[in-house]
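No hydrogens, no waters, no symmetry mates; every other heavy atom, side chains included, goes into these values. In what follows, chains carry the letters A, B, and so on, assigned in the order in which the sequence lines appear, proteins first and then strands, with residues in each chain numbered from 1.
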2 protein chains.
Amino acid sequence: MAFELFGREGFDATTVDEIARGAGIGRRTFFRYFDSKNDVVWGSFGEQLERMREQFRRCPPDQPLMDAVRTVVVEFNRVDPAEVPWHRRRMELILRVPALQAHSTLRYADWRAVVAGFAAERLGSSPDALVPQALAYSTLGVALAAYEHWLSRPGAELCDVLDAALAELANGFTTT
Amino acid sequence: MAFELFGREGFDATTVDEIARGAGIGRRTFFRYFDSKNDVVWGSFGEQLERMREQFRRCPPDQPLMDAVRTVVVEFNRVDPAEVPWHRRRMELILRVPALQAHSTLRYADWRAVVAGFAAERLGSSPDALVPQALAYSTLGVALAAYEHWLSRPGAELCDVLDAALAELANGFTTT
DNA sequence: CTTCCATTTGACACCCAGTGCCATTAATCT
DNA sequence: AGATTAATGGCACTGGGTGTCAAATGGAAG
């Protein structure tokens, strides 16, 4: 897998030629499977998002908006304990390698669209109105902060950190 | 200026050679003034941030955290009316051209650090603790949503939109 | 003015990501 | 098998970004 190379040489130092050779395919073929080298670390994110949309659909209609968002985001990011070390390495790349950090912004847009869509529905407004967009943007932000926090403390439980951070958001960061 | 070229040909279609030739300098010299083509649209952002830090310093110590953040972010983004069209075009590039959208993420890190620093001070915690980071991340998110909203409605007043969006954040997006 | 020094510049040669083109090689169908 | 279609990968090219080095520039000091 290409991740061995990234782990060994670092993401930037690993060339597409190496990845392709490692996978036993031609360089040109690589670019038919992946739009860019960056996309290697983002598997089939689109399908994952469909899962999140589904989770939003399952939310009880009377559940307060931010409670629903919190639950879904936390559940969406729950991973099989066996996969945690793997997930950690992947997220380390995404959140710490500048090239990926930058590129990932483009992927986050779809994630935000799902959240904004749900919020808009609940608020009876358009998905691109100010409030749903601001809500989606800030939820994403909080999730990223939680991820970074999780990455830098080996012991932490991702879902707990996410839940705590989203609770703060729902409180408007009040210093009660 | 390079912005004419971006406006005429589009950002991606404008090559560094063209920019350099347009500025009457060599290509190599261009890369000595700018780390990348992307950086052209981000002038001296570092100095701007110093201004924001200063504004945070001026906040009355008894002002509630989120009120202070809101005021400072709004004021920080207030631009001379004469410069608005220019600012608009610059932000259009930053927020709509994928390459710049991605790259800008790296610049936002410094912006967030300023906000997180202030929040940490007020909360008596470390700047990289969860709450200051989450607060900074979500404030940035809300600001970006406000900017997008502003860009897509020619009539809107940036500061008003920012203020409204940040008020929502401070309320935890409650549907009162 | 000239000499000497340091800084700035830009030409040149690279590396690497990404793309268009096209011949070759599998699959697949009849 | 024979014909058709899709997948593959070689090749050449564009464009961003970097290292190297020689020439140009600009002061200061003599």
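- Stacking of A:K37 on the aromatic ring of A:F11 is recorded, both the 6.0 Å distance cut-off and the 45° axial limit being met.
- Of all non-hydrogen atoms in A:V142 and B:A134, the two that sit nearest each other are CG2-O, 4.0 Å.
- A:E121 and A:R53 are not joined by a salt bridge, as no carboxylate oxygen comes within less than 4.0 angstrom of a charged side-chain nitrogen.
- Contact detail for B:R153 and A:D128: the closest heavy-atom pair is NH2-O, 3.5 Å.
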Show the distances under 3.5 angstrom between N or O atoms of the protein and N or O atoms of nucleotides 20-27 of chain D.
none

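- The two residues B:A146 and B:L162 have their closest heavy-atom pair at CB-CD2, 3.6 Å.
- Look at CZ on B:R21: it is 12 Å from P on D:dG16, rounded to the nearest Å.
- In terms of phosphate contacts, B:Y33 brings no side-chain nitrogen or oxygen within less than 4.0 Å of OP1 or OP2 of C:dT8.
- Ion pair A:R89/A:E92 not flagged as a salt bridge, since none of the NZ, NE, NH1 or NH2 atoms sits closer than 4.0 Å to an Asp/Glu carboxylate oxygen.
- For B:F30 and C:dT9, the CZ to P distance is 14 Å, given to the nearest whole Å.
- A salt bridge does not link B:E54 with B:R51: every distance from a Lys NZ or Arg NE/NH1/NH2 to an Asp or Glu carboxylate oxygen is 4.0 Å or more.
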Please list, for nucleotides 14-17 of chain C, all pairs of protein and nucleotide N/O atoms separated by less than 3.5 Å.
from   : atom 1 : to    : atom 2 : distance (Å)
C:dA17 : OP1    : A:V16 : N      : 3.4
C:dA17 : OP1    : A:K37 : NZ     : 3.2
C:dA17 : OP2    : A:V16 : N      : 3.2
C:dA17 : N7     : A:R27 : NH2    : 3.4

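- Taking 4.0 Å as the cut-off between side-chain N and carboxylate O, A:R21 and A:E18 do not count as a salt-bridged pair.
- Atom CZ of A:F34 is separated from atom P of C:dT19 by 14 Å (rounded to the nearest Å).
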